[in-house]
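Working notes, structure below.
In what follows, residues are counted from 1 in the order of the sequence shown.
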Amino acid sequence: VIFGIVLFAYTQCGYHLFGCQLETFKDFKSSILTLFRLILGDFDFRAMETASPALGRVFFLCYVFFVFFFLLNMFLAIINDTYSQVKGAGESDLNNFELGDYFKNGYNNLLGQAGFARNKNI
């Protein structure tokens, strides 16, 4: 939701700054597509700089900084949430799936079913 708001704001800003001069910002739809392409690395910085020398640079740098900062934070939040879930699930299972306990229980069951008396010191 927040990414959509940021994208919408930069789309409006790009439309107002470059709409009359650049074909890629001629309407709202093409402005959104241009900003998505800019995120992916396909952009024409010279055209933006030629259309508006001072504001073109500021627009480009601010957009790239904020969007990549936001996307990186989203990625880290997803990783952190997943790590917390996995860690919490691992703590609740404590020793249920340890390999040594598994083999010990299997050995004890095998001896019990075979009818051998088992020494408890093992």
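- When the side chains of ILVMFWY residues are joined at heavy-atom separations under 4.5 Å, either directly or via intervening members, L17 and L61 end up in a single hydrophobic cluster.
- Side-chain heavy atoms closer than 4.5 Å link hydrophobic residues (I, L, V, M, F, W, Y) into clusters, and following such links, possibly through other members, connects L35 to I2.
- Here the CZ atom belonging to R37 is positioned 14.0 Å from the CD1 atom belonging to I32, to the nearest 0.5 angstrom.
- Side-chain contact between R57 and F45 is present, with heavy atoms from C-beta onward closer than 4.5 Å.
- When the side chains of ILVMFWY residues are joined at heavy-atom separations under 4.5 Å, either directly or via intervening members, F65 and V67 end up in a single hydrophobic cluster.
- Taking the six-membered ring where the residue is Trp, the centroids of F75 and F68 are separated by 6.0 Å or more.
- Each of Y10, F60, F59 was evaluated against F18; a single residue qualifies, F59, per the ring pair (Phe, Tyr, Trp, His ring centres under 6.0 Å) test.
- A donor-acceptor distance shorter than 3.5 angstrom exists from the side chain of N109 to the backbone of N105, with no hydrogens or angles considered.
- Put simply, M74 and L38 are part of the same group of oily side chains (I, L, V, M, F, W, Y) that touch within less than 4.5 Å, one to the next.
- Across all non-hydrogen atoms, the minimal contact from L7 to F36 is CD2-CZ, 3.5 Å.
- For the atom pair F25 CZ and H16 NE2, the distance stands at 12.5 Å (nearest 0.5 Å).
- Rounding to the nearest 0.5 Å gives a distance of 12.0 Å between SG of C13 and CZ of F8.
- For T24 (side chain) and T34 (main-chain N/O), no donor-acceptor pair under 3.5 Å exists by modelled atom type.
- Atom NZ of K26 and atom CD of E23 lie 4.5 Å apart (nearest 0.5 Å).
- Within a 6.0 Å radius of CG in L72, more than 12 heavy atoms belonging to other residues, nucleotides or ligands are found.
- Residues V58 and M48 are members of separate hydrophobic clusters, defined by side-chain heavy-atom contacts under 4.5 angstrom among Ile, Leu, Val, Met, Phe, Trp and Tyr.
- Among all heavy-atom pairs drawn from A51 and L22, the shortest one is CB-CG, 4.1 Å.
- Taking both residues in full, the closest heavy atoms of E49 and R46 are given as OE1-NH1, 2.9 Å, listed atom of the first, atom of the second, then distance.
- Summarising the geometry, atom CG belonging to L33 is positioned 9.5 Å from atom OG1 belonging to T11; distances are rounded to the nearest 0.5 Å.
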